[in-house]
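Values below: all heavy atoms of this structure, side chains included; hydrogens, waters and symmetry mates excluded. This is a predicted model, so every value here is computed, not measured. Position 1 is the first residue of the sequence, and the numbers go up from there.
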Amino acid sequence: MEMEMEMGERKKEVFVTVGTTCFDKLVAAVDSAPVKQALFRLGFTHLQFQIGPATYIPSKVSGQEGALHVDYFTFSTTIAHHLKAASLVITHAGSGSIFETLRLGKPLVVVVNEDLMDNHQAELAEELANKKHLFFAPGPQFLAQTIESMDLESLVPYTPGDPSDIASQIDASLRLTSPGEGYVKKEGEGEGFGISKSKAKKDAKKAEKAEKAAQRQQARAAASVGASESDEADPLSPNYGDIPVEDIQSKSITGRTWTGVGELCAEMKDKNVLIRGAAQAIRSVSKKMAFLVVRQMMSTVQCVLVVSKDVVSPQMVRFATSLSKESIVDVEGVISVPNEPIKGTTQQVEIQVRKLYCINRAVPNLPINIEDASRSEIEFKKAEDSGEQLVRVGQDTRLNHRVLDLRTPANQAIFEIQSQVEKVFRQFLESEGFRGIHTPKLIAGSSEGGAAVFKLDYKGQPACLAQSPQLHKQMTICGGFGRVFEVGPVFRAEDSYTHRHLCEFVGLDVEMEIKEHYFEVCDIVDRLFVAMFDHLNMNCSKELESINRQYPFQPLKYLPKTLRLTYDEGIQMLKEAGVETEPMGDLNTESEKKLGKLVSDKYNTDFYMLTRYPLGIRPFYTMPCYDNPAYSNSFDVFIRGEEIISGAQRVHLPELLTKRAEQCGIDVKTISTYIDSFRYGTPPHGGFGVGLERVVMLFCGLNNIRKSSLFPRDPQRLTP
């Protein structure tokens, strides 16, 4: 056959045509390294671009790309000889080259995207999709994957003349009988002698417009005929299909009731239900039976389609199996309870499907597979031992496609835990007489001291993003609020490339009046976190189990009354264990970990406090100890050997506060309004701050704070 001979030749050309319209995205996609590499791996030697005026020019206009020769030419009124010479043609949906290529029996890749086609061309693409030598790339970004998946050697070339084939129908409607129709004839070739180039170009444009109009009309007619035939063949067609866009544009209120997937249970047997969720898995058993697993948040249920007269048709089963994974669907059916436990779903019931509608289709090729992203290290180890190779989704890939990564059961659970932590934080403090506040995040000077701030221009004035709400929550105490808390963003410009640091995180902050001793603040921390841990263990067992399946961890050990040690006692424990530390210095990560292990072994707790830190390693607003000014009325709290909370009694005396700020290298002018707040009578007070993401990370035993941050911001990541 002609195509087989061409495919066997040494010179294999790829021809890229964009017609007269400038489709920069398509040319840029073909011109990209992944596509060129894919073509080279398939044995292609030449890549030719046909481009229109002002179109994107390929990066290598003419020359060698590895062993792939790249060349281009501007629009010509004939491309027949290029199509004949090509072993593969790449074009966009709606191009007249589609039909020319089909008539020649050439392998064809059509790039489909909303901004490369209109609705009629979309219908046309569906009509053409059954051609064995026709491939569809759902957008330029998937072009390389589509090319990699082609098996060119097994293709059967297109045979013209089939009366049911749309290409033949279009041929007939346009009265095109040869692939060379529209060719500008050279002198002496017969009819057409003497035609000017300009007139030929105008005629070609008219012909192209006419052809496109005919394509659209033919596609509409074919779609209409197909739909009517389908309706006649299947009286159950109203019970399934893709929901029209206008029906999901708040068109009407029907009064229907959707049941949550997590609510489905055996007690609902024989009840008719309506659910909505994502198509997590689709499995075809036969032409008459299929299984569909639908997921809503953390819950999954198996839906069964079995062909039955007046209930489920073969076309309905075929529609179900055509759904792409992660498409949003509505399923209506009857609850049944199987005799055997259902593996792979959370709900131990099935839905015998009666109606199935697709609300929104996902692209067929997802950047990451939810199943792959949900695997644990244990699964990878078992696969490795058995010689099986599983796809591992790396952290950067997860974060690049976070909206998909968030759909895994473990991530759904992690952020439910995070929500519960915030909920308990608010509820407990409100029950203790605390008032919620919101402080500004744009400030004139740094709130903590040091250079780790994000600086910006504020209408001509130097400003920065707040490192904490510290200064303003103290000012509310000056304002007579008594007890306050805040949940809000905190910004740190530190270049910390660690597993526990972020440039932006959610701060949980507390400030309160002190009657006698800063241990009053420690008491609040004690009771707050014990209540929080109790709540999570009692009310979030399902979520903790889900996290544990993918990221195994040991339950947190904590005491009803939180252990308190002084800084010196902690240092002494480290010395006795042979760990040297800097005198009066802060604990480094290694020392924190070691001390956490020593405390856990000795006191059987993973949650404890260290008090009375050296003043030199605390912020400028920390109150010195009454008996030794080298120490401070401050504390840190640790979980699993990592610090999560810093707190202290604050300096409320303006003279001492000014002196401390100057000692810490802070420009007093930038915090003058803060210092002045203490000149009008301020009660002794103290407080603490904790990072929400770090609490979740350590309670759940996660190895990286990015797992507990919804959309992490670190020194290298600003998107998505």
Side-chain angles (χ1 to χ4, degrees), residues 230 233-243 247-248 254-362 369-371 374 407-410 412-413 416 541-543 545-546 549:
S230 176
D234 185 12
L236 298 178
S237 60
N239 294 345
Y240 62 91
D242 292 277
I243 296 295
D247 286 357
I248 55 175
T254 65
R256 292 176 296 169
T257 301
W258 278 262
T259 302
V261 172
E263 301 172 22
L264 303 177
C265 58
E267 288 72 21
M268 301 173 72
K269 183 180 179 182
D270 299 327
K271 182 179 178 181
N272 194 74
V273 295
L274 172 63
I275 66 169
R276 176 171 292 179
Q280 178 171 290
I282 304 114
R283 182 165 62 92
S284 175
V285 178
S286 67
K287 292 182 179 180
K288 296 185 177 182
M289 185 177 185
F291 292 97
L292 172 66
V293 175
V294 175
R295 184 189 70 252
Q296 183 185 44
M297 298 177 73
M298 290 178 59
S299 303
T300 53
V301 65
Q302 182 163 273
C303 305
V304 184
L305 294 96
V306 180
V307 171
S308 177
K309 186 178 180 182
D310 299 329
V311 179
V312 175
S313 64
Q315 293 94 325
M316 186 173 179
V317 173
R318 189 162 61 247
F319 171 76
T321 57
S322 74
L323 294 169
S324 53
K325 286 185 178 181
E326 297 304 305
S327 293
I328 306 303
V329 296
D330 273 355
V331 178
E332 187 175 337
V334 178
I335 295 291
S336 65
V337 182
N339 296 326
E340 299 294 327
I342 304 173
K343 296 180 180 179
T345 62
T346 62
Q347 310 310 114
Q348 293 303 299
V349 297
E350 291 180 331
I351 297 179
Q352 303 300 319
V353 179
R354 298 295 179 261
K355 296 181 180 180
L356 173 63
Y357 303 104
C358 183
I359 306 301
N360 186 274
R361 284 185 181 263
N369 190 309
I370 307 302
E371 183 182 2
S374 302
R407 301 179 189 184
T408 66
Q412 289 283 317
E416 177 58 28
S541 57
K542 181 176 71 172
E543 286 78 10
E545 288 171 6
S546 182
R549 277 194 295 272

(message) With a 3.5 Å distance limit and no angle check, can you tell me whether S313 reaches the backbone of M316 through a side-chain donor-acceptor pair?
(response) yes

(message) Can you tell me how far apart CG (N360) and CD1 (I328) are? Round to the nearest 0.5 Å.
(response) 6.5 Å

(message) When you compare the side chain of I275 with that of I351, does any pair of heavy atoms fall below 4.5 Å?
(response) yes

(message) Quick check against the 3.5 Å criterion: does E326 have a side-chain atom that pairs as donor or acceptor with the backbone of A278?
(response) no

(request) Test R256 against L274 for side chain to side chain contact (heavy atoms under 4.5 Å, CB included), laying out the working first. (result) CA-CA 8 Å; R256 292 176 296 169; L274 172 63; 4.1 Å; yes

(message) Strictly distance-based, threshold 3.5 Å: is any side-chain N or O of S546 a donor or acceptor partner for the main-chain N or O of P409?
(response) yes

(request) Please lay out, stage by stage, how V312 and V306 fare under the test side chain to side chain contact (heavy atoms under 4.5 Å, CB included). (result) CA-CA 6 Å; V312 175; V306 180; over 6 Å; no

(message) Please report the interatomic distance CD(E350) to CG(L264), rounded to the nearest 0.5 Å.
(response) 12.0 Å

(request) Look only at the side chain of T300 and the backbone of R295, and say whether a donor-acceptor pair between them is shorter than 3.5 Å. (result) no

(request) Please indicate whether M268 has more than 12 foreign heavy atoms, meaning atoms of other residues, nucleotides or ligands, lying under 6.0 Å from its CE. (result) yes

(request) Just do the side chain to side chain contact (heavy atoms under 4.5 Å, CB included) check on S299 and Q347 with the steps written out, would you? (result) CA-CA 7 Å; S299 303; Q347 310 310 114; 3.9 Å; yes

(message) Salt bridge or not between K542 and E416? Use side-chain N to carboxylate O under 4.0 Å.
(response) no

(request) Would you indicate whether the side-chain heavy atoms of P314 and K287 approach each other to under 4.5 Å? (result) no

(message) Side chains of Y357 and D247 only: does a donor on one sit below 3.5 Å from an acceptor on the other?
(response) no

(message) The test is side chain to side chain contact (heavy atoms under 4.5 Å, CB included); show your working for V317 and M289 and say whether it passes.
(response) CA-CA 6 Å; V317 173; M289 185 177 185; 5.9 Å; no

(request) Could you pull out the closest heavy-atom pair between I335 and C265, with the gap in Å? (result) CG2-O, 4.1 Å

(message) Counting C-beta onward and ignoring hydrogens, is there a side-chain heavy-atom pair between L292 and L356 closer than 4.5 Å?
(response) yes

(request) Would you confirm whether S324, through its side chain, and A362, through its main-chain N or O, come within 3.5 Å as a donor-acceptor pair? (result) yes

